[in-house]
Protein chains: 2
Amino acid sequence: MSDGTGDSGLTVKDRHAAMHAALRQRICLLDYPPGMQLSEITLANEFGTSRTPMRRVLARLEEEGLVQSVHGVGTIVTDANFTELEQAYRLRVELTALTGLLDPVMPDTTFLARLKNLIDRAGQMAVSGTPKSFTQLDMDVFQALLELTENEPLRHVLERLYYQTKRLWLVRAIKAELDLEEEYRIFLHELEAIHIALQSADLAAVAQIQRAHISMSFNRLLQHRD
Amino acid sequence: MSDGTGDSGLTVKDRHAAMHAALRQRICLLDYPPGMQLSEITLANEFGTSRTPMRRVLARLEEEGLVQSVHGVGTIVTDANFTELEQAYRLRVELTALTGLLDPVMPDTTFLARLKNLIDRAGQMAVSGTPKSFTQLDMDVFQALLELTENEPLRHVLERLYYQTKRLWLVRAIKAELDLEEEYRIFLHELEAIHIALQSADLAAVAQIQRAHISMSFNRLLQHRD
DNA sequence: TGCTGCCGAGTTGTGTACATCTTACGTGAA
DNA sequence: TTCACGTAAGATGTACACAACTCGGCAGCA
């Protein structure tokens, strides 16, 4: 095969990336709650591979601070601890503002349609929203808005910080420590504001709106710190 | 053994970190020049281990953009390409400024003595400095100044960006495309300015001085872009 | 009853043989 | 001479057996 792809059209790195994304999703949606012990061999069997590639994926998740492996003990999902993640959260606030300064890129009409779709989904949240489905929507919005900058290192760091800190919200939302209706309403308002700013082609404004909302969300979480 | 350390008092992760730091050093000092092919088994033998741990270290270096592994071909040291690293360089400029805002920490007298020592070494550069020894000094200075913030995620990202972009300077310095005497003089002046700012306990000023010099260094490199 | 020490189950870390892939080289035919 | 093709060498990727390590439980003793 001349294009270097495997049987299903996927290269080796694509399979690794798929496993990594799947596990990250499960951890951040609390399917794998903090403290849960993961089994290398069980996960390897589930993904139809052996321990060796799975260990590489888990090592990357450990670098990203989502799991922790200890010799002889196991691979444990890290605790979504507020005090340890406060620094990451504040860095995320500042880096979000930079998306409007470093290599901003004006999206095409396809993007605007995607955003409009996301806004509709956000409108549905007030009716039939669960903390988990809301987090899933928030992830989709994040991935979309990340495309507003072409600075690849910045996108990489922001993605890492996002998935590091996102569990803090979901943990407290499930424990009913947050006013969910207010959270949904604020989020919808943020998306509408971003939509307006995009129609003005003001990407710096989009970044500032995001920065403001991440900062405010941080402060709301701060009222329930552990 | 109750403390969990090995024979030489080093844990497993310490050995991995040591191998990673050694290889990173060799790459960034151009002992392993861009395009050079690394052999997993040769490196494993040199460090007295097998391919499995060495592959984990190389995978991390690949994440950091210093090498690239291709199935069936080899593990190649990446090219220090200006156009690809320009985004990383500009992000580094902005993040350096943040060290003065996010969790700055005033150093003790021991730190000031270390800095004074580094300034002395910088003074020697004008007399007997090579591009490589200058880069080594620059690395030591970078590691020292990184301690001026306690924000661990910020330190982590800055370290990554530093080692990603540092080779750009050394490559051009060796090709004699830079005025080395001027580079040494500017660097010494930067360190003296930082020393003064530290005596005023103005960490924001220290960050701005660094930011300015990284930005100016970027512009000097820009005159010789490939 | 409580404490101590040993043992075994289970986990991650390591070593190694094998699979898969790319590339260079040599060979033969046009 | 030149081009096409097969083949072998050598690289990374994978699978698996074994080593190193932690921890809970249980037996034995004071």
Side-chain angles (χ1 to χ4, degrees), chain A residues 1-20 22-23 27 32 34-78, chain B residues 1-20 22-23 27 32-79:
Chain A
M1 204 169 288
S2 62
D3 58 351
T5 58
D7 292 348
S8 55
L10 293 175
T11 181
V12 177
K13 292 182 181 178
D14 288 337
R15 287 218 315 273
H16 284 196
M19 290 193 289
H20 174 265
L23 292 184
I27 292 171
Y32 294 164
M36 177 175 176
Q37 179 169 340
L38 304 180
S39 167
E40 293 181 350
I41 190 136
T42 302
L43 288 174
N45 291 338
E46 179 193 337
F47 286 96
T49 181
S50 73
R51 280 184 62 210
T52 306
M54 182 53 64
R55 278 179 59 74
R56 180 167 176 163
V57 172
L58 289 174
R60 185 172 160 195
L61 289 172
E62 186 173 15
E63 286 291 318
E64 296 171 346
L66 296 181
V67 303
Q68 185 174 13
S69 294
V70 182
H71 189 188
V73 178
T75 303
I76 312 291
V77 177
T78 55
Chain B
M1 205 170 287
S2 62
D3 59 351
T5 57
D7 292 349
S8 54
L10 292 176
T11 183
V12 176
K13 292 182 181 178
D14 289 337
R15 288 218 315 273
H16 284 196
M19 290 193 290
H20 173 265
L23 292 184
I27 292 172
Y32 294 163
M36 177 176 177
Q37 179 170 340
L38 305 180
S39 167
E40 294 181 349
I41 194 152
T42 302
L43 288 174
N45 292 338
E46 178 192 338
F47 286 96
T49 181
S50 74
R51 278 184 64 208
T52 306
M54 182 53 64
R55 277 179 59 76
R56 181 167 176 161
V57 172
L58 289 174
R60 186 173 160 195
L61 289 172
E62 185 173 17
E63 287 291 317
E64 296 171 347
L66 297 181
V67 303
Q68 186 175 13
S69 294
V70 182
H71 189 187
V73 179
T75 303
I76 312 292
V77 177
T78 55
D79 188 24

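In the text below, chain A, chain B and the rest are named by the order of the sequence lines, each starting its count at 1. Quick caveat, the model's predicted, so the values are computed rather than measured.
Separating the CG atom in A:L61 from the CD atom in A:Q68 is a distance of 13.0 Å, to the nearest 0.5 Å. Rounding to the nearest 0.5 Å places CD of A:E63 at 7.5 Å from CD of B:E64. Within the model, atoms CD of A:E62 and CZ of A:R55 stand 9.5 Å from one another, a figure rounded to the nearest 0.5 Å.
For B:E46, the side chain to side chain contact (heavy atoms under 4.5 Å, CB included) test picks out B:R26, B:Y32, B:L43, with sequence neighbours left out. With sequence neighbours excluded, the residues satisfying side chain to side chain contact (heavy atoms under 4.5 Å, CB included) with B:I76 are B:Q37. The side chain to side chain contact (heavy atoms under 4.5 Å, CB included) test applied to A:S50 returns A:T52, A:P53, not counting sequence neighbours.
Axis orientation changes by 10° from one end of the helix from C:dT1-D:dA30 to C:dA30-D:dT1 to the other, with each end axis drawn from 5 pairs and the value rounded to 10°.
Rounded to a whole Å, the CZ atom of B:R56 is 19 Å from the P atom of D:dT12. Computed from coordinates, the A:E62 CD to C:dT12 P distance equals 11 Å when rounded to whole Å. Computed from coordinates, the B:H16 NE2 to C:dT12 P distance equals 15 Å when rounded to whole Å. Atom pair A:L58:CG and C:dT11:P shows a separation of 14 Å (rounding to whole Å applied). Following rounding to the nearest Å, B:K13 (NZ) and C:dG13 (P) show an atom-to-atom distance of 8 Å. Rounded to a whole Å, the CD1 atom of B:I76 is 11 Å from the C1' atom of D:dT12.
Of the side-chain N and O atoms in B:R15, none sit less than 4.0 angstrom from OP1 or OP2 of C:dG13.
Heavy-atom minimum distance, B:V67 versus B:L58: CG2-O, 3.8 Å. Considering all non-hydrogen atoms of both residues, A:M54 and A:E40 come closest at CG-O, 3.8 Å. Smallest separation of non-hydrogen atoms from B:T75 and B:S69: OG1-OG, 3.1 Å. Taking all atoms of both residues into account, the shortest heavy-atom contact from B:P34 to B:T78 is CB-O, 3.4 Å.
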Shorter than 3.5 Å, N or O on both sides, protein versus nucleotides 4-11 of chain D: list them out with atom names.
unit_1	atom_1	unit_2	atom_2	d
D:dG10	N2	B:G72	O	3.3

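The stretch residues 42-54 of chain A touches DNA chain C through A:R51, each having a heavy atom under 4.0 angstrom from the strand.
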Problem set entry | Stepwise side chain to side chain contact (heavy atoms under 4.5 Å, CB included) check, A:T49 with A:R15 | CA-CA 10 Å; A:T49 181; A:R15 287 218 315 273; 5.5 Å; no
